[in-house]
2 protein chains.
Amino acid sequence: MRTKTTKAQNDRGEALGTRERVVRAASRLMQRQGYDGTGIKQIAQEADATLGSVYHFFPGGKQELAVAAVRHGDEEFAGILREVLHAEPDPARALVACCRLLAEGLRTSDWADGCPVTATALGTAGRAPDIQRAAAEAFARWRSLVAEALRAAGIAETDAAELAHTVISTLEGAELAAQVSRSEEPLRIAGQHLARLADSYRPR
Amino acid sequence: MRTKTTKAQNDRGEALGTRERVVRAASRLMQRQGYDGTGIKQIAQEADATLGSVYHFFPGGKQELAVAAVRHGDEEFAGILREVLHAEPDPARALVACCRLLAEGLRTSDWADGCPVTATALGTAGRAPDIQRAAAEAFARWRSLVAEALRAAGIAETDAAELAHTVISTLEGAELAAQVSRSEEPLRIAGQHLARLADSYRPR
DNA sequence: GTCTATACCCCGATAGAC
DNA sequence: GTCTATCGGGGTATAGAC
């Protein structure tokens, strides 16, 4: 047989390299428990790697690992956004679908899996510039994906850019509120209001 | 003289009791550093108290202290909301003012002081039911304050309740985005969009 | 690249004098 | 109510064999 372990595999069925497994484990654990709440030993264990391997790939230690974890979360959510925005040409409907998707992810994980970068970013604010920069880049990327879709739907350049800000802010806040309240309500309602807001800028 | 120390005083100039000083220090530190990032010894030091005093008032340890800290943050933000909503009868203008106030607090603290409950709640999600409940109650209280103001401005009962959800979600998310990006933009824009959304539900 | 052992530090919590 | 001393455990990070 070509693979000799039970380690995680990617979506093509290939075995994942050690570095990739470590980054994924770090991203998931920090998403759920925050930066300070997640230990390097726990990450190594979850990734089926040894402490030595972790420091081999991330000589900068926990901070360097957190930067990679945030970038991984960045791409993860960017993928979801791209998928939802391309499947539905009407951005208002796409935003409703996005909220539904986030709510589903929250519910099926028993309200554990919120935004993949928020907890890490918030727990290191003001004391780890590298992590903070990676988080800021993630937010900016998500905004530009949303802005592009809004422009494609005929919304004016400036309006689209500003709307994208509020779309990301509201998605973040509603996911947070849903997680804290253990309820899908905040996300369901946010989807409706974002759709209404976006429609109010559509040309007629 | 009536007070013999340099300890913190309340707004009437009276010296604060030990318990109150500890709660305030815990609230501020956890707001900035999260639950796991804040040590009990650090809290005691910041509050001019000893470790023994902290455990005297909070025999339940760090978790019990965190619950008190979240409740303190709850009242802190509720006070801001009440002030802004009562100073300006038009809720749309009040929301803009609220965003301006949050942005100012963030900027003047060098982007350290975000929402007083978010970091604590997020860092303990799913493993400290008491803290989570206190955070959920805070969100619910803030929502009901906003809903009341919206109803007073003539917005229908159901619309007001749903709008209040999105107002709190968006305020939370925009404050988070502003903190991560170290920019007032997300809050400035959120204020405009929330005002537009609220106006769209006003009777004419 | 992978693994084990360990140095060193700080954590939450407790005990008991005052 | 306040204070100091300390326990037991877990944290990050490193050293060095393989």
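On a predicted model such as this, the values are computed, not experimentally measured, just so you know. What you see below is based on every heavy atom in this structure, not just the backbone, and it leaves out hydrogens, waters and symmetry mates. Below, read A as the first sequence line, B as the second, and so on, with proteins coming before strands; counting in each chain starts at 1.
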Exercise for the section: Decide yes or no on salt bridge (Lys or Arg N to Asp or Glu O under 4.0 Å) for A:R28 and A:E76, but give the supporting numbers first. Expected result: CA-CA 11 Å; A:R28 198 63 74 208; A:E76 186 179 326; 3.2 Å; yes
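- Regarding A:Q45, its CD atom lies at a distance of 14 Å from the C1' atom of D:dG10, rounded to whole Å.
- Using a 4.0 Å heavy-atom distance criterion, B:Y55 is classed as a base contact.
- The line from OG1 of A:T166 to CD of A:E162 is 8.0 Å long, rounded to the nearest 0.5 Å.
- Between the NE2 atom of A:H56 and the C1' atom of D:dT14 there is a distance of 15 Å, given to the nearest Å.
- A cation-pi arrangement is absent between A:R127 and A:Y35 under the rule of less than 6.0 angstrom and at most 45 degrees off the ring axis.
- The shortest distance between the side-chain N/O atoms of A:T18 and the OP1/OP2 oxygens of C:dG1 is not below 4.0 Å.
- With rounding to whole Å, B:F58 atom CZ is found 15 Å from C:dT14 atom P.
- At whole-Å resolution of the value, CD in B:E20 and C1' in D:dG1 are 17 Å apart.
- Rounding to the nearest 0.5 angstrom, the gap separating the CD atom in B:E175 from the CG atom in B:L187 is 6.0 Å.
- Of the possible polar contacts, none joining the A:R151 side chain to the A:A160 backbone as a donor-acceptor pair under 3.5 Å is found.
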Strictly under 3.5 Å: I want the nitrogen or oxygen pairs between protein and nucleotides 3-11 of chain C, one per line.
none

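- Using a 4.5 Å heavy-atom cutoff, the side chains of A:R143 and B:S181 are in contact.
- Note: OH (B:Y35) to C1' (C:dG12) measures 9 Å, nearest angstrom.
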